[in-house]
Amino acid sequence: MRIFAAHLTARTMEYAFREIERKWQERWRDNAVYSVRNDVSRPKCYVLDMFPYPSGAGLHVGHPLGYIASDVYSRYKRLKGFNVLHPMGYDSFGLPAEQYAIEHGIPPAISTHNNIDTFRSQLDKIGFCYDWTREVRTSDPSYYKWTQWIFLQLFESWFDRHRQQARPIAELISIFETEGNQQHGCPGDTAIRFTAEEWKSFDPQQQSDVLMHYRLAYSGVGEVNWCEALGTVLANDEVINGVSERGGHPVVKKKLRQWYLRITEYAERLLKGLETVDFSDSMKEMQSNWIGKSYGAEIDFEIMGITGRSFKVYTTRPDTIFGVDFMVIAPEHELVESLKTSESAQAVEDYIANVNSRSERERMAEKKITGVFSGSYCSHPFTGQPIPIWISEYVLAGYGTGAIMAVPCGDERDFRFAKHFGIPITNIIGAFYDGTDANPTKEARLENSDFLNGLLMKDAIEVSIARMEQMGIAHRQTNYKMRDAAFSRQRYWGEPFPIVWKGEVAVPLSVSELPLELPQLENLKPGPEGQGPLANLPEWVTVADGNREVNTMPGYAGSSWYFLRYMDPHNEQEFCSRTASDYWGQVDLYVGGTEHAVGHLLYSRMWTKALFDLGHIGFDEPFKRLLNQGKIGGDSRLVYRIRGTQQFVSSGLKDQYETDELHVDVSLVDGFVLDTQRFKQWKPDFNDATFITENGVFTCGGRLEKMSKRYFNVVNPDEIVEKYGADTFRMYEMFLGPIDQDKPWDTKGIEGVHRFMRKFWRLFYDTEKGWRVTDAPATDASWKSLYKVAKKVEEDTARFSFNTAVSGLMIAVNELTDQDCHSRELLEKLVVVIAAYAPHVAEELWSALGHSGSVLDASYPAIEEHYLVESSKEYPVAINGKTRTTLLLDINLSQSEIESIVMQDAVVIKWLEGKSPKKIIYVKNKMINVVM
RNA sequence: GCCCGGGUGGUGGAACUGGUAGACACGCAGGACUUAAAAUCCUGUUCGCCGAAAAAGCGAGUGCGGGUUCGAUUCCCGCCCCGGGCACCA
């Protein structure tokens with residue numbers, strides 16, 4: 001098909017990547033090459049990138065790494081015959097846009113829109129195969145209509161612990177009407193118990209309050225960091241030493257009404273579900289640590305002096321019951337008031353006041369031991385001895401019962417507390433306790449432990465629980481560290497809650513009233529009394545017989561279900577049709593960073609489970625397989641200035657002077673060599689700079705660190721694409737190393753990949769000879785090279801070993817060049833093999849080879865194994881495990897044939913020194929080892 | 001402190017199930033082509049010893065010290081270092 005080559009000018013015989021890439025990007029767009037239909041007749045593959053927040057800073061070369069990997073994988077699967085869903089969109093609600101609006105007066109909707117445009121234009125240059133007709137934006141009312149709808153689904157549901165699934169709240173109401181809540185204890189407040197008759201006697205307000213304790217999305221009172229001077233609520237990391245980070249104003253705990261998701265009800269299923277998904281072990285580990293399941297017992301202790309009053313502690317080590325030297329309750333514990341005595345009252349109150357002045361994060365970070373004696377005692381259930389009850393912040397109100405039994409000989413924190421306050425320590429583990437440290441062992445034999453004496457601790461756990469259960473003072477209890485997720489923010493730029501408060505009753509909007517649009521608002525200052533900015537819009541807040549909820553949803557609301565919307569993005573009747581979700585199902589490959597390990601991934605897993613329970617989708621884990629890409633670090637360049645001067649010294653000589661180190665923009669440096677002229681112009685300070693060079697060259701120092709503007713080490717993908725082309729950029733990002741590892745960016749290294757691209761091009765075109773493809777048959781050696789690389793790219797892409805796939809392509813191109821192979825039949829297949837990695841050049845050559853459609857509609861070549869079969873192999877021959885020579889041998893030789901050949905070999909004879917070998921190990925197709 | 005990753009040439013990395021350590025690149029050195037440069041191509045490049053050099057040969061070598069094995073980057077035990085996550089969770 002020389003016709004196709006004929007119109008090419010000499011200039012285009014060169015690898016003109018800029019023209020090629022522009023041309024194909026336009027064609028892809030104009031012909032909607034990447035739009036995907038929900039074609040249920042074809043096998044599906046769903047490949048998804050983690051939802052990006054469109055930040056104003058733009059992309060650096062580290063950001064697209066995961067996108068390139070998922071793009072390569074998507075294209076590869078399409079070549080293998082799959083209908084591939086590969087969408088992209090924006091998690092466009094969020095705090096940065098709101099903060100930007102407050103500081104610059106640009107409305108969040110506008111700045112977000114601009115950021116998305118920048119983001120998109122950067123992505124487009126890299127040549128991704130996203131189906132942009134499916135783009136979603138969480139801040140778009142047509143999207144958040146369904147976020148609100150799902151919120152209402154959660155609001156109208158409760159979790160049936162017997163069935164371990166969500167059910168409609170209406171079913172709970174009918175249960176209450178027939179049998180009260182005897183079978184379904186209240187997750188929000190275990191003290192709530194009622195019969196059917198009592199339920200019916202409740203007024204609407206009481207019924208509403210009870211139901212709120214069951215709902216999966218519920219409203220409750222939570223503590224926030226309240227800063228009176230700023231009139232706003234602060235996040236934990238905005239509070240330092242009890243004052244606000246901005247301005248240093250005092251911050252106090254304030255109880256505010258908040259929304260929560262009852263994710264704790266799903267703890268068990270979130271844990272179990274990990275067994276069914278293909279995530280890395282470390283990712284599963286992080287999630288299960290976060291969920292934090294533990295087995296133990298709740299034990300009642302009688303308080304002395306208050307007849308009949310007792311309190312519960314939670315412990316995982318009931319076997320240590322005789323080692324209890326004191327009790328500790330959280331400062332927020334409800335018994336604090338009743339435990340304090342006239343002598344202790346002042347100290348207790350001072351302590352509580354001090355604790356309240358600090359954020360939870362600070363309390364957790366606190367290393368000092370603090371606490372106060374409550375003034376009261378409880379009695380030991382077996383010995384009847386009095387045990388002092390202390391109050392300390394190291395016990396958290398939200399975990400277990402908010403009270404512990406302290407066993408200083410076995411628990412590090414209890415030990416330090418006892419030492420600090422001079423509380424005597426009982427030893428129940430003999431020599432395992434040395435008096436200088438607690439020992440948390442379970443292997444000791446118990447002493448001083450009455451009926452447990454002589455038992456191994458791990459066995460005594462069961463014995464002690466059984467005994468205490470029998471006595472009616474304890475029961476087994478499984479606990480989870482995880483807490484319910486706070487689901488409201490006192491902010492503007494988020495989804496409004498579809499809730500109207502009528503008195504104290506939260507009334508949901510009806511579906512027909514959705515979306516409840518976020519009103520335009522000029523002034524984004526906080527509302528009165530810690531409320532969000534929406535409280536400043538009374539005309540929006542006030543509705544007939546009620547007030548709208550003024551909180552908005554947090555960032556993770558929209559991102560918890562977006563993968564479902566991509567399946568059916570324009571559906572105005574449903575969040576996603578069941579037909580679409582049944583077809584596309586789970587995300588087959590989810591690509592993103594580890595920073596979302598416990599937040600986003602757990603929330604979206606919970607939403608998926610709830611939607612599954614309620615019958616809206618047919619699967620309960622959203623992501624079948626997770627690939628975490630590593631980060632690309634920056635390679636900074638440093639110059640050394642002699643202190644107090646404008647004289648700079650080359651890095652090899654810097655130790656001879658007293659110097660200060662400065663970061664220099666990496667674009668001014670070639671490798672390590674500084675362009676001193678440009679450096680002088682870079683900043684006014686350096687106009688008069690002088691340089692002490694080494695042999696006329698000024699070299700910089702280097703350091704690997706985070707890619708960041710302040711280190712001047714940011715490399716913009718736009719520049720790389722402009723200089724080398726998108727295909728080279730994609731290939732190079734993949735070539736850098738294993739996708740899941742962190743690695744430094746080295747712009748210098750991209751040259752090698754670009755050389756490879758040109759070498760590949762020259763299999764087809766030569767600047768002088770023009771089009772080189774011929775109809776001559778390829779040699780067997782060439783076919784072997786082709787099928788070897790086809791097989792390698794296939795296997796390596798499937799297991800995400802993109803770097804080795806690229807090196808395989810390099811080897812193939814090197815071999816085919818050496819073989820002077822220009823066979824059309826062979827090169828057509830090679831173009832398909834490379835297409836997923838370098839899509840633009842593949843399209844160009846596919847077209848030049850005479851094809852009219854996209855190369856993506858070709859099929860990946862079937863491997864013809866017979867070209868790969870070897871008849872002989874060069875075996876390494878080792879003497880005692882050390883390779884001494886090699887022998888080219890037929891692959892099908894027997895052990896005895898091998899032995900006789902090996903024994904005649906001169907090198908082997910030399911090493912044997914006349915002795916006969918003990919044995920000869922022959923592993924077919926691997927190696928030969930002569931053991932002396 | 002606990003948990004999870006990871007330590008291989010000057011650099012990024014390869015070696016997939018225990019079988020020729022260093023593929024493929026970068027960089028560097030030398031050479032060809034060129035008036036010159038760019039581009040391209042060729043040769044060499046783990047370290048040490050031996051040698052004028054090349055070839056050949058020998059020794060060491062995958063963070064350190066042991067072990068299992070005919071054979072260990074790979075498996076086991078004990079350390080060291082780097083990166084990440086969690087951190088009073090009873």
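All values reported here derive from a predicted model rather than from experimental measurement. Lettering of chains follows the sequences in order, A, B, ..., and the numbering in each one begins at 1.
- Between the side chain of A/His380 and the main chain of A/Ile321, a donor-acceptor pair closer than 3.5 Å is present.
- Here the side chain of A/Asp325 pairs a donor or acceptor atom with the backbone of A/Thr426 at under 3.5 angstrom.
- Residue pairs meeting the salt bridge (charged side-chain N to carboxylate O under 4.0 Å, His left out) criterion with at least one member in residues 790-814 of chain A, sequence neighbours excluded, are A/Lys80-A/Glu794, A/Lys791-A/Glu865, A/Lys792-A/Asp796, A/Asp796-A/Arg799.
- Residues satisfying the side chain to side chain contact (heavy atoms under 4.5 Å, CB included) criterion with A/Lys926, sequence neighbours excluded, are A/Val923.
- Atom CG of A/Asp635 and atom P of B/G13 are 12 Å apart (whole Å).
- Out of B/A90, B/A87, B/G12, the shortest distance to the side chain of A/Ser294 is found at B/A90.
- In the set B/A90, B/A25, B/G13, the nucleotide with an atom closest to the side chain of A/Pro738 is B/G13.
- In this structure, A/Arg416 does not pair ionically with A/Asp414, as no charged nitrogen and carboxylate oxygen lie closer than 4.0 Å.
- The aromatic rings of A/Phe311 and A/His333 stand perpendicular to each other, their planes meeting at an angle above 60°, with 30° marking the opposite boundary.
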Give each protein N/O atom lying under 3.5 Å from an N/O atom of nucleotides 47-49 of chain B, with the pair distance.
none

Dot-bracket summary - RNA chain B, pairs being Watson-Crick or G-U whose distances fall under 3.5 Å, with | when paired to another strand: (((((((..(((......[....)))((((((.......))))))((((.......))))..(((((..]....))))))))))))....

Under 3.5 Å between N/O atoms: give me all the protein pairs with nucleotides 71-81 of chain B, atom names plus distance.
none

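- A/Trp761 and A/Tyr15 have tilted rings, their planes meeting at an angle from 30° to 60° on a 0 to 90° scale.
- Residues passing the ring-ring contact (aromatic ring centres under 6.0 Å, His included) test with A/Phe760, sequence neighbours excluded: A/Phe764.
- Mapping A/Lys882 and A/Lys792 onto RNA chain B by nearest heavy atom places A/Lys792 at the nucleotide closer to the 5' end.
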Base versus backbone protein contacts along nucleotides 36-41 of chain B [heavy-atom cut-off under 4.0 Å; B, S, -]: ---SSS

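- In this structure, A/Glu275 has no side-chain hydrogen bond (donor to acceptor under 3.5 Å, both in side chains) partners at least two apart in sequence or on a different chain.
- Look at B/G9: its glycosidic torsion is within 90° of 0, and that puts it in the syn range.
- Of the listed nucleotides (B/A15, B/C26, B/G13), B/C26 has the atom at the smallest distance from the side chain of A/Lys748.
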Got a list of protein N/O to nucleotides 2-5 of chain B N/O distances below 3.5 Å?
residue: B/C3; atom: O2'; partner: A/Glu285; partner atom: OE2; Å: 3.2
residue: B/C4; atom: O2'; partner: A/Ser282; partner atom: OG; Å: 3.3

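- For A/Lys706, the salt bridge (charged side-chain N to carboxylate O under 4.0 Å, His left out) criterion is met by no residue, not counting sequence neighbours.
- Listed by residue number, A/Asn803, A/Thr804, A/Ser807, A/Met810, A/Ile811 are the residues of residues 802-811 of chain A with a heavy-atom contact under 4.0 Å to RNA chain B.
- Legend: residues meeting side-chain hydrogen bond (donor to acceptor under 3.5 Å, both in side chains) with A/Lys743, ordered by chain and number and at least two apart, are absent.
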